[in-house]
Amino acid sequence: MSPHDREPDNSEIAAEQEYLSLLYRKLDAEREVASRRLTTALEQTGGTPQARAEREASTSMYTERIAQLGSVEQGLCFGRLNLRDGEQFYVGRLGLFDEDDEYNPLLVDWRAPVARPFYLATAASPDGVVRRRHIRTLSRRVVGVDDEILDLSAADQGHDLGLAGEAALLAALERRRTGEMADIVATIQAEQDRIIRADLSGVFVVQGGPGTGKTAVALHRAAYLLYTYRRQLSTRGVLVVGPNPTFLRYIGQVLPSLGETGVLLKTMGTLLPGLRADGTEPAGATEIKGRDVMVQVLADAVRDRQVVPDDPLEVDVEGETLAIHREMAERARDKARRSQRPHNVARRIFLDRMLDALTDQSVSRTEGDVFDGLPEIPLAADERADAEVLDARDRAAIRAELAEDKKVRAALDTLWPMLTPEETLSDLLSSAERLASAAGSVLEPAERALLLREPGSPWTPSDVPLLDELAELLGEDDTEERAEQARQEREQKAYAEGVLHILEQDEEIIDEEVLRVGDILDAELLAERQDRRSDLTAAQRAAQDRGWTFGHVIIDEAQELSAMDWRSLMRRCPSRSMTVVGDVAQTGSEAGTSSWHDVLGPYVDDRWRLRELTVNYRTPAEIMAVAGRVLAEANPDLSAPTSVREAGVDPWQIEVGRAEAPGRVRELVDGELSAVDGGTVAVLAPHGQLDGLAGALDGLLSDELSGEQSRVSLLTVELAKGLEFDSVVVIGPDEVVAESPRGLNDLYVALTRATKRLGIVHTGEVLPALSGPAKDGAAPG
């Protein structure tokens, strides 16, 4: 407890309990009202189109409100501020107001400007705050309060890290991990708050070492932006991109607990609607696919599908043989390419030109046959034109027949086929000839060999940005679909106009003192309300639409993204309103980056902001001492973040033979489970040892079929990124380093996942960075 803290007495705790009960009564009352109104809306049927539209809007609104009120049940209120002017207010997960006075808040939303001193006020700069109280609750019960008196001089400050609410913060850091990330809304620190509340515009980079709260800050920033820029973001939505599905499951409850349920969470492998990309491939193939040269490779692969015949291609059309010559096809291809439209859209231009040429050929032959049967009569050119046997309608009929002829269509399809991204990429990666043609100038033969795979191989996450790029290159010829949509919209508008006309003729509506229906609702708006898609949230619509562009994009573990990944994400955020979160010291992927300027420069030049997080809230100082030696070897220019606490337990290290490791690890894990008393334990291992360890840990790991979460996890370092556990046991650090192109970075990640205890099991060579004082630590059991 700092010199400014004071211990509240039991009467103060009882008073806070009374107020908390009032807040929950208000919460329950609002939920009851919303439930009643939702039930009423659902029970209503029929009515005018306007009434149905309003009912659907009400249903959506009350459903969302009920979900929001339910999601903030735990930890509803967590703080109180007493100001110098005598005013006081409570801070919580959402705003609640007095029924009789909506300007008198019972609870202030933590994102509101008036609540900001709760996170920023210090004794040196109290910002009008006399006392800050942190209220700790369990369910609906107050279990403790911590007070900070802030009206002291700056010289009296007692902690050089300047932590706000130190007692509450340390209590939160010491709690057992449950397998799901908890929000930090009650213990946000000043350096974190400045990032959370930064402006919406532009690219904002948050660089921070392990344990600095980057992920939590990013998620709270999403909640803050949705609160502050609700109107702007409610239509476009917010996208949060994480490194893997395990990570998304881990953070999945944070935003709902903050009252936000409309954010779309994705990995790069799930970015495309309806596509499953969970295959694996060599690291070298992933790195090659991530290079920006793949843009040219894919463009050339598409151009390779736009072919012309070397020899005349003959087509039999009802007994008549038409010939497609190289020159004819080249002229059509050149015209289509000059349009600079995507392949499938430009295909219509190619087909039109080819059908015109084939029609000319057929007409010429038909007219030639007619004239050949007549006596030779000299005719001038204009006289010959007047003597043409076939007029424009005849030509149009012939052209239409050619367009519908299966053999003609098949021949033209071979020259300029309609393509899908999946078909094009699969053909490219399963054909040495196609790869050589498209990539021969930019990839070496050995690199092309790495990309080759069997037809029908499962998609991998690194394929997703390639498929996305191909979707842009190919486009979609939606001429017929757009025509059909326009027809439906005209019908809907005509129907709406008829409905409004009928309503306005109603004697009960026409009244000089009452607004007419047409004054508040026009036909286009009414027609739009008939579109069932309007019932979906922005996140739901975005999940179904590859071309959706978001109001804001948040990227976690962004240092792992390849150049092609960045192209896909930038495409989804043309406004460049992004929060980029990561740590270049933790880059494990060879396709990743060690420089934010390198990845952002091509899109925003130097117009991006950088903010660094320097305080480590997760990892105890004893563990960071070991991890820091690894970081110094991996990148001497980078410094490890400063830990705010000590665990009182030194990391332990032991050496065992590789063959006996699984059995020994089982004993060690049992000991760690006892040591963390109900907390979580992770075993982080190289790929080569996973199978043996999985067998040894049978019965302790999660059962995917039951869906139950185990206290023990067996993961590779890649899958552990962004996660945290009470205890971590790292197996075979030399293998972890050897099997990754950035092995020391991966080892640094593995060593910094623990919040309390760290153990290292050497099954091979002991790395120099790990030989030191911690070598003498004792393993449990």
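Model, not experiment: these values are computed from the prediction.
If you run side chain to side chain contact (heavy atoms under 4.5 Å, CB included) between V580 and each of V203, I554, V241, only V203 comes through.
T286 and A591 get closest at one heavy-atom pair: O-CB, 4.2 Å. D583 and W596 make their closest contact through N-CZ2, 4.1 Å (heavy atoms, listed as atom of the first residue, atom of the second, distance). Shortest non-hydrogen contact noted between L638 and L631 is O-CD2, 4.0 Å. Here the closest non-hydrogen pair linking G628 and A640 is CA-CB, 4.5 Å. Summarising the geometry of L443 relative to R448, their closest heavy-atom pair is O-NH1, 2.9 Å, with the distance given to 0.1 Å.
Looking at H552, its side chain never comes within 3.5 Å of a backbone N or O of V238 through a donor-acceptor pair. A donor-acceptor pair is defined here as one N or O able to donate and one able to accept, closer than 3.5 Å; no such pair exists between the side chain of S643 and the backbone of N616. For E191 (side chain) and L613 (main-chain N/O), no donor-acceptor pair under 3.5 Å exists by modelled atom type. A side-chain donor-acceptor contact under 3.5 Å links E622 to the backbone of A647. With hydrogens and angles ignored, the 3.5 Å screen pairs a side-chain donor or acceptor of R93 with a backbone N or O of Q74. Remark: the backbone N or O of V649 is not paired with any side-chain donor or acceptor of R757 at under 3.5 angstrom. In this structure, the side chain of R567 does not engage the main chain of A563 through any donor-acceptor pair within 3.5 Å.
Using a 4.0 Å cut-off between a side-chain N of Lys or Arg and a carboxylate O of Asp or Glu, E724 and R618 qualify as a salt bridge. By the 4.0 Å N-to-carboxylate-O rule, E287 lies close enough to R291 to be salt-bridged with it.
More than 12 heavy atoms of other shown residues, nucleotides or ligands fall within 6.0 angstrom of atom CG in D545. With a 6.0 Å radius and a threshold of 12 heavy atoms from other residues, nucleotides or ligands, E718 has its CD atom at or below the threshold. Other residues, nucleotides and ligands place no more than 12 heavy atoms under 6.0 Å from the CD atom of E454.
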Could you please spell out the steps behind the side chain to side chain donor-acceptor pair (under 3.5 Å) verdict for T593 and D598?
-> CA-CA 8 Å; T593 187; D598 289 350; 4.9 Å; no
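Residues satisfying the salt bridge (charged side-chain N to carboxylate O under 4.0 Å, His left out) test with D463, not counting sequence neighbours, are K289, R453.
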